[in-house]
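Hydrogens, waters and symmetry mates are skipped; everything else that's a heavy atom, side chains included, is used. The residues of the chain are indexed from 1 along the displayed sequence. Computed from a prediction, not measured in an experiment: that's the story for all the values here.
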Amino acid sequence: MTAARLRRLLTGAYLVLFFCYLFLPLGIMAAATFNSSRFPTVTPWMGFTLGWFQALWEDQRMWAALGTSLIVGAGVIALAVPLGLAAALLLDRLHSRAKTFLYALMVSPLLTPGVIVGISTLVFWREWFGVSGGLFLTVVAQSSFIAAYAMLLFSARLERFDPVLEEAALDLGASHGQVFRRITLPYLMPAILSAALLAFLQSFENYNTTLFVRGLDTTLTVYIATKVRTGLTPAVNALSLVLIALTILGAVVYEALRRREARRQAGSAVA
């Protein structure tokens, strides 16, 4: 066996193990959704059923928790994305020794445990402003570190931006606001969409920070964690299967739109 053939075999084996590691748990979870056992398991197999989808539909507390997560996710997008954009623009325009310090300061929330972020946010707002836990504090606490993710996305996009475009617009009489709206913002639009999606996903799956600032409101992750302690049913598996299906559908639609746009641009270039 030649070295090249051995390398291909090892690479193929690694890819098989890698994808099994990623997708086998999801496959087992999906299979448990159709098992009539009241526990989320595939062994022993008690028979095929679709009843857990009906149980999911009738679980009003779970739907309420899902609605809370969606509201919090929208709030995090509205707060974290502008904060991340402002921080990235500040760092991009700053040319001094303070730039390194400010960058480290803005990235530091990513290195702080979520428990610490949640507790510190709750103590600060309760002691200084009398605000107790709830949706507002949940959005604020999550945005305090999710904004750093958005900032990193914007910073990476701004590294490829040519400032000559802004200077030329200013020389032609445009105001700073017009330059931002018509040049900088359109250029950053792909990063804005990516940052919004990342912010929503980070918010949707967050547990450690949310647990301390949610007050009487319950997000989906907190609700599922509570169900794990009190008695988990395959209805949660059904919800996970629905979310996975929606994610795959969204990815397929995005890829189809991306390819159509690429073909359109290629056709325009040829014309």
Side-chain angles (χ1 to χ4, degrees), residues 64-94 99 101-158 161 176-177 180-181 184-223 225 243 246-247 250:
L66 177 61
T68 301
S69 293
L70 294 177
I71 293 173
V72 172
V76 169
I77 291 175
L79 183 59
V81 173
L83 286 176
L85 177 58
L89 290 173
L90 173 63
L91 291 176
D92 184 66
R93 268 60 171 179
L94 191 63
K99 182 175 181 178
F101 171 76
L102 288 177
Y103 177 82
L105 183 65
M106 293 174 181
V107 174
S108 61
L110 297 178
L111 307 177
T112 306
V115 175
I116 302 301
V117 174
I119 293 176
S120 60
T121 301
L122 178 63
V123 172
F124 174 80
W125 283 88
R126 185 177 59 189
E127 295 297 326
W128 286 85
F129 302 101
V131 179
S132 57
L135 292 179
F136 173 76
L137 280 194
T138 303
V139 171
V140 171
Q142 291 185 2
S143 299
S144 62
F145 69 91
I146 293 177
Y149 287 110
M151 182 199 72
L152 294 176
L153 285 175
F154 292 130
S155 296
R157 181 72 173 173
L158 286 171
F161 180 68
H176 287 280
F180 179 76
R181 291 193 306 271
T184 310
L185 199 59
Y187 177 81
L188 291 174
M189 190 55 64
I192 292 174
L193 297 178
S194 299
L197 179 60
L198 178 63
F200 178 80
L201 294 177
Q202 286 288 328
S203 170
F204 193 82
E205 59 87 26
N206 183 264
Y207 174 76
N208 291 336
T209 301
T210 305
L211 184 64
F212 294 94
V213 295
R214 65 184 181 90
L216 299 178
D217 297 300
T218 302
T219 61
L220 184 62
T221 53
V222 175
Y223 176 78
L243 293 177
L246 291 176
T247 302

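A heavy-atom distance below 4.5 Å is found between the side chains of Leu70 and Phe204. You'll find the side chain of Leu201 stays beyond 4.5 Å of the side chain of Tyr149, heavy atoms only. Looking at Phe154 and Ile192, their side chains come closer than 4.5 Å, going by heavy atoms from C-beta outward. Looking at Gln202 and Val76, their side chains never come closer than 4.5 Å, going by heavy atoms from C-beta outward.
Of all heavy-atom pairs spanning Gly73 and Phe200, the tightest one is CA-CD1, 3.8 Å. Residues Pro190 and Pro186 share a closest heavy-atom pair of CD-O, 4.0 Å. Minimum heavy-atom separation, Thr138 to Arg214: OG1-CA, 3.5 Å. Taking both residues in full, the closest heavy atoms of Ser203 and Ile146 are given as N-CD1, 3.7 Å, listed atom of the first, atom of the second, then distance. Here the closest non-hydrogen pair linking Phe145 and Asn206 is CZ-ND2, 3.5 Å. In plain terms, the two heavy atoms of Ala150 and Val81 that are nearest each other are CB-CA, 4.4 Å.
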I would like to know whether Thr68 and Leu220 meet side chain to side chain contact (heavy atoms under 4.5 Å, CB included); could you show each step before the answer? CA-CA 7 Å; Thr68 301; Leu220 184 62; over 6 Å; no
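Within 6.0 Å of the CG atom in Leu246, the count of heavy atoms belonging to other residues, nucleotides or ligands exceeds 12. More than 12 heavy atoms of other residues, nucleotides or ligands lie within 6.0 Å of OH in Tyr187, so this atom counts as buried by the packing criterion.
Separation of atoms CZ (Arg93) and CG (Leu158) is listed at 6.5 Å; rounding is to 0.5 Å. Rounded to the nearest 0.5 Å, atoms CD1 (Ile71) and OG1 (Thr219) are 11.5 Å apart. Of the inter-residue distances, the one linking Lys99 atom NZ with Tyr103 atom OH reads 10.5 Å to the nearest 0.5 angstrom. Atom-to-atom distance recorded for Ile77:CD1 and Leu197:CG is 8.0 Å, nearest 0.5 angstrom. Atom CZ of Phe161 is separated from atom OG1 of Thr184 by 4.5 Å, given to the nearest 0.5 angstrom. The distance from atom CG of Leu211 to atom OG1 of Thr218, rounded to the nearest 0.5 Å, is 10.0 Å.
With no hydrogens or angles considered, a side-chain donor-acceptor pair links Gln142 and Thr210 at under 3.5 Å.
The backbone N or O of Val140 sits nowhere less than 3.5 Å from a side-chain atom of Ser143 that would complete a donor-acceptor pair.
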Going by atom type alone, with no hydrogens or angles, which donor-acceptor pairs under 3.5 Å involve a side-chain atom of residues 105-130 and a protein atom two or more places apart or on another chain?
{"unit_1": "Ser108", "atom_1": "OG", "unit_2": "Leu105", "atom_2": "O", "d": "2.6"}
{"unit_1": "Thr112", "atom_1": "OG1", "unit_2": "Ser108", "atom_2": "O", "d": "3.1"}
{"unit_1": "Ser120", "atom_1": "OG", "unit_2": "Ile116", "atom_2": "O", "d": "2.8"}
{"unit_1": "Ser120", "atom_1": "OG", "unit_2": "Val117", "atom_2": "O", "d": "3.1"}
{"unit_1": "Thr121", "atom_1": "OG1", "unit_2": "Val117", "atom_2": "O", "d": "2.7"}

Contacts under 3.5 angstrom, residues 82-89 side chains, donor-acceptor by atom type, not counting sequence neighbours:
none

